[in-house]
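In what follows, a single structure is set out as structure tokens and then discussed.
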Amino acid sequence: MNKKEKEHLPLMGVGPLCIAIMIAFTVAGIALVKSGVLKSGNINIALPFIVLGVLCIAGGAALWVSAVIVCRIDIKIKSERLETGGIYAHVRNPIYSAFLFICTGALLFCRNLYALVLPPLFWVYLTIFMKMTEEKWLAKCFGEEYLTYCKQVNRFIPWIRKR
């Protein structure tokens, strides 16, 4: 592998490990609720949680499809181009956001206050993870272009980009 190949961001990198940890905590949270360990945090109303859960999961799936399939982020990474169009004009890390939304949706189905502590923890975890890994690399690789992009586009929660 030559020096140029070592410098660009790998297609997979440490992202799958990061996401796997988040999914493992989601599954553990669901298991604790279903086994009755967290029974005291149960909420009796169902419909709002089910609707929000479905919306989060559907939104997460849409983010993932937009980032991976529509924007073809794999091609941008291989060609060492910063993607700022499509879904990336609304959120800097739509793939991580997708899993944040999907895990949150799954936890909403549990209707348990203790399980709902996890999504804010996931957000903090992902924020620290991004700052320590990909954001450092992207700032080094793309410089001012990336820093300007960061000022205009949120890290995980999609919003309409300021022009």
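Note that these values count all heavy atoms, side chains included, but never hydrogens, waters or copies made by symmetry. Here the structure is a predicted model, which is why all the values come from computation and not from measurement.
I73 and I69 fall within a single hydrophobic cluster, where Ile, Leu, Val, Met, Phe, Trp and Tyr are joined by side-chain heavy atoms under 4.5 Å apart, directly or via other members. L52 and V33 are assigned to two separate hydrophobic clusters, defined by single-linkage of ILVMFWY side chains at heavy-atom distances under 4.5 Å. Clustering ILVMFWY residues whenever any of their side-chain heavy atoms sit less than 4.5 angstrom apart, transitively, puts V27 in a cluster other than the one holding V37. Both I95 and L82 are part of a single hydrophobic cluster, where members link through side-chain heavy atoms under 4.5 Å apart. Taking hydrophobic clusters as Ile, Leu, Val, Met, Phe, Trp and Tyr residues chained together by side-chain heavy-atom distances below 4.5 Å, I87 shares a cluster with F156.
A distance of 11.0 Å separates CD of E135 from CZ of F129, quoted to the nearest 0.5 Å. Distance check, rounded to the nearest 0.5 Å: OG1 of T84 to CD of E145 gives 6.5 Å. Atoms CD1 and OG1, from I19 and T26 in turn, are 9.5 Å apart once rounded to the nearest 0.5 Å. The distance from the SG atom of C141 to the CZ atom of R81 is 13.0 Å, given to the nearest 0.5 Å. How far SG of C18 is from CZ of F122: 10.5 Å, rounded to the nearest 0.5 Å. Between F99 atom CZ and L126 atom CG the span is 11.0 Å, to the nearest 0.5 Å.
Nearest heavy atoms, L63 versus P158: CD2-CG, 3.9 Å. For the residue pair A89 and V153, the shortest heavy atom distance occurs at O-CG2, 3.7 Å. When all heavy atoms of E80 and F142 are compared, the closest pair comes out as O-CE2, 3.5 Å. Heavy atoms only, all atoms of each residue included: P94 and A67 are closest at CG-CB, 3.5 Å.
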CA sep, side-chain torsions, deciding dist, call: Y146, R92, side-chain contact (heavy atoms from CB on, under 4.5 Å): CA-CA 10 Å; Y146 179 70; R92 292 195 316 254; 4.1 Å; yes

Could you check L116 against F49 for side-chain contact (heavy atoms from CB on, under 4.5 Å), going step by step and ending with a plain yes or no? CA-CA 11 Å; L116 294 179; F49 288 90; 3.8 Å; yes

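A side-chain donor-acceptor contact under 3.5 Å links N93 to the backbone of R155. S35 places a side-chain N or O within 3.5 Å of a backbone atom of L32 that can act as its donor or acceptor partner.
Looking at residues two or more places apart in sequence or on another chain, you find a side-chain hydrogen bond (donor to acceptor under 3.5 Å, both in side chains) between E83 and K76.
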Pair up each side-chain donor or acceptor in residues 101-112 with any protein partner under 3.5 Å, not counting sequence neighbours, and list the distances.
residue, atom, partner, partner atom, Å
T104, OG1, L100, O, 2.7
N112, OD1, Y114, N, 2.8
N112, OD1, A115, N, 3.1
N112, ND2, L38, O, 2.6
N112, ND2, N42, OD1, 2.7

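The salt bridge (charged side-chain N to carboxylate O under 4.0 Å, His left out) analysis of residues 50-73, with sequence neighbours excluded, yields the pairs R72-D74.
Proximity of Y96 to E134: side-chain heavy atoms (C-beta onward) are separated by under 4.5 Å at one or more points. A heavy-atom distance below 4.5 Å is not found between the side chains of V91 and W159.
Crowding of Y125 atom OH: a count of heavy atoms from other residues, nucleotides or ligands under 6.0 Å exceeding 12.
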